[in-house]
Amino acid sequence: MALLSIENLCVELEGPEGTYRLLDEVNLLLNKGQCLGLVGESGCGKSMTALAIMGLLPQGMRAHGSILVDGEDLLRAEEERLCQLRGRKMAMVFQEPMTALNPVVPIGRQVGEGLRLHLGLTRHESETRATQSLARVGLPVERFPLGLFPHQLSGGQRQRVVIAMALACGPDILVADEPTTALDVTVQAQILDLLAEIIDEFDMGLVLITHDLGVVAETTDTMAVMYAGRVVEDGPTDEVFRRMAHPYTRGLFAAMPSHSSDGAATRTPLSTIPGRVPDALSRPAGCPFVTRCGFATDVCHQSVPQMEALGHRHGAACFNIARGEVDQ
Amino acid sequence: MPAGSQPLLQVEDLVREYRLPRESLFAPPSRFRAVNGVSFSVEQGKSFGIVGESGCGKSTLARTVMGLEQPVSGRVLLEGRDISRLPARELRSLRRKFQMVFQDPYGSLDPRLKVERIVAEPLEVLLPNVSRSERRARVEETLNSVGLKPSDADRYPHEFSGGQRQRVAIARALITEPSLIVADEPVSALDVSVQAQVLNLIMDLQTRRGLTFLFISHDLSVVRHITDEVAVMYEGEILETGPTHRVFSDPQHSYTKSLISAVPYPDPRRSRRLRRAARPAGAR
Ligand SMILES: Nc1ncnc2c1ncn2[C@@H]1O[C@H](COP(=O)(O)OP(=O)(O)O)[C@@H](O)[C@H]1O
Ligand SMILES: Nc1ncnc2c1ncn2[C@@H]1O[C@H](COP(=O)(O)OP(=O)(O)O)[C@@H](O)[C@H]1O
Ligand SMILES: [Mg+2]
Ligand SMILES: [Mg+2]
């Protein structure tokens, strides 16, 4: 059984101008010891998916479908049950470490809080565990005493504290929403190394949200490309990169500045994806990508393409998969 | 020196310090050197990149080059003239020749003003005698040159997407027909698809108008793609500089090497981050 299985997840919000469908029939699968990457431009629904997994959707949003964690459907769980699960079953790391940290509480207390709350540990026990957690993320107590405040740490060190908080209660699933976007590239590499080690060591599942295809390629086992609230391509990361069946996946890849090792490609025009992601109320009829797609045909304007199997666990939602496809 | 052989921008041994909060009543407050003896020069029509991690002094360098902050020592020469030693009137007329574009397409545009006012603002300061109709014509022409519509002049910043706002910011920088644009992280807040549009515009302006760019970014791939020469900064100093393709393909300094090797490479077959499944038995 998969550790996390999301089936036909829809998230809707009633607005003055109608119903916004922020997530539309999202299907995702995550196994133990694996990392699932979610990519796509901003506004495609990545954070909304993360919040749904955490049972933290904002007030007023309706969700249907199912989010199964070890077989238990979070969408049917009471808030009380979700509180028990949060931290112990699934934990989250956000982009901006300062949003997750309280600036006036020492780091040791912040890491220990979940332990006292969830596991009922005493102050002393929770301090011992917090010390271990912080050491595991590369903040040994000799140099980083529990009494330090967040502002006394660098951005990368703060993100380590947030990861220690997330790990403290031994969750099975870690959801990391752009955990390195605010960090320097060398620090990003360290944090991604740390996350990869941790999921191996504790046999956890990691949902890694990023807009960087380089991060996806280097860190994930499977990936899903999201566009306008839908998954438009997913599969094993190496398969998706090899085929890039969906024009949106190819567009994202082609827009990246040169990364060739010979430096020959500099100063050539980059390919772009014209326009921008439509918001939930202005999505076109038919394929959500049709307004920006260079391969659109009549059918794309009329109906919504469904996920089509292309290989072992690899799929894409596009009517014109064969056309323009570059098999690398 | 004959014109033409002289670099458009010369930065010589530039030092910029910030005063730190006073720690003792009896000692003067200590100072922090954010830019510590930086020298480089940029030829007319070229794009010169500054890369480095956050806090290394890139933005401080940009502001000091723009004359927005005063250096402790060193010189900034534009077309051979030292901008910090010019009389106010001459500085004002030189000002139109160098303009700046900032990272944040939200924060850097006044939300209460229409795009026409925003884009025309540098004109009002530098050329107060331009007529209203001429001003409108120049705004429309400039909007056109950055891929916006003349009618966009009548809209407010919030009506634009992030990439379009950055085009507005670039239009504002272009309106005085400068020869140098200092761009501090101009695409860092944008999605990759929109970033590509803005980078193409910048490359196009350089080719078509012969504009010179000082392009500052923490993103190595972006700098590698669009600059001719690059300087790698660390703790206020330039560690390595040279033609971009050379610095990236054959970095000399160990810091440059570590920066380049940390950039994630978008090919799973070359993944550095070996996961358990792929790791040889016995490895931790
Ligand atoms: N609290 C909210 N209320 C209404 N709409 C929201 C809210 N948060 C996000 N959205 C909308 O939901 C969509 C998906 O957003 P999000 O999941 O944050 O995207 P991503 O993380 O991929 O950038 C966007 O169109 C966004 O405008
Ligand atoms: N106004 C200021 N007062 C004091 N220190 C400053 C000020 N502006 C920047 N600094 C410091 O100078 C250093 C360089 O900052 P900055 O130029 O913004 O770096 P970068 O743009 O490379 O991230 C940092 O350590 C920063 O904290
Ligand atoms: Mg998000
Ligand atoms: Mg800066």
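Keep in mind that what you see is a predicted model, and the values were worked out from it rather than measured.
- The only member of A:L252, A:L213, A:V39 that meets side chain to side chain contact (heavy atoms under 4.5 Å, CB included) when paired with B:V192 is A:L252.
- Heavy atoms closer than 4.5 Å to chain B are found in the backbone of A:S271, but not in its side chain.
- Here the CD atom belonging to B:Q197 is positioned 10.5 Å from the CZ atom belonging to A:R276, to the nearest 0.5 angstrom.
- With B:N200 contributing its side chain and A:P269 its backbone, the two residues share no donor-acceptor pair below 3.5 Å.
- A:D184 places a side-chain N or O within 3.5 Å of a backbone atom of B:S54 that can act as its donor or acceptor partner.
- Crowding of B:Y234 atom OH: a count of heavy atoms from other residues, nucleotides or ligands under 6.0 Å not exceeding 12.
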Could you walk me through whether A:V185 and B:H218 pass side chain to side chain contact (heavy atoms under 4.5 Å, CB included), step by step?
CA-CA 8 Å; A:V185 46; B:H218 72 282; over 6 Å; no
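- Sparse packing is recorded around CZ of A:R313, with 12 or fewer heavy atoms of other residues, nucleotides or ligands lying under 6.0 Å away.
- Although no hydrogens or angles enter the test, the distance criterion places no donor-acceptor pair under 3.5 Å between the side chain of A:E218 and the main chain of B:P268.
- The side-chain heavy atoms of A:P257 and B:R224, taken from C-beta on, include no pair separated by under 4.5 Å.
- There is no contact between B:I260 and chain A, counting heavy-atom distances below 4.5 Å.
- Residues A:T272 and B:S193 have side chains not in contact (no heavy-atom distance under 4.5 Å, counting atoms from C-beta outward).
- In this structure, chain B has a heavy atom under 4.5 Å from the side chain of A:D212, while its backbone stays farther away.
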Pair A:T186, B:E53 - check side chain to side chain contact (heavy atoms under 4.5 Å, CB included), show working. CA-CA 8 Å; A:T186 52; B:E53 298 190 283; 2.4 Å; yes
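- The number of heavy atoms from other shown groups lying within 6.0 Å of CZ (B:R208) is above 12.
- One finds the CG atom of B:L190 at 10.5 Å from the NE2 atom of A:H211 (value rounded to the nearest 0.5 Å).
- Remark: A:H312 NE2 is loosely packed, at most 12 non-hydrogen atoms of other residues, nucleotides or ligands lying under 6.0 Å away.
- Taking the side chain as every heavy atom from C-beta outward, B:Q195 and A:L270 never approach each other to under 4.5 Å.
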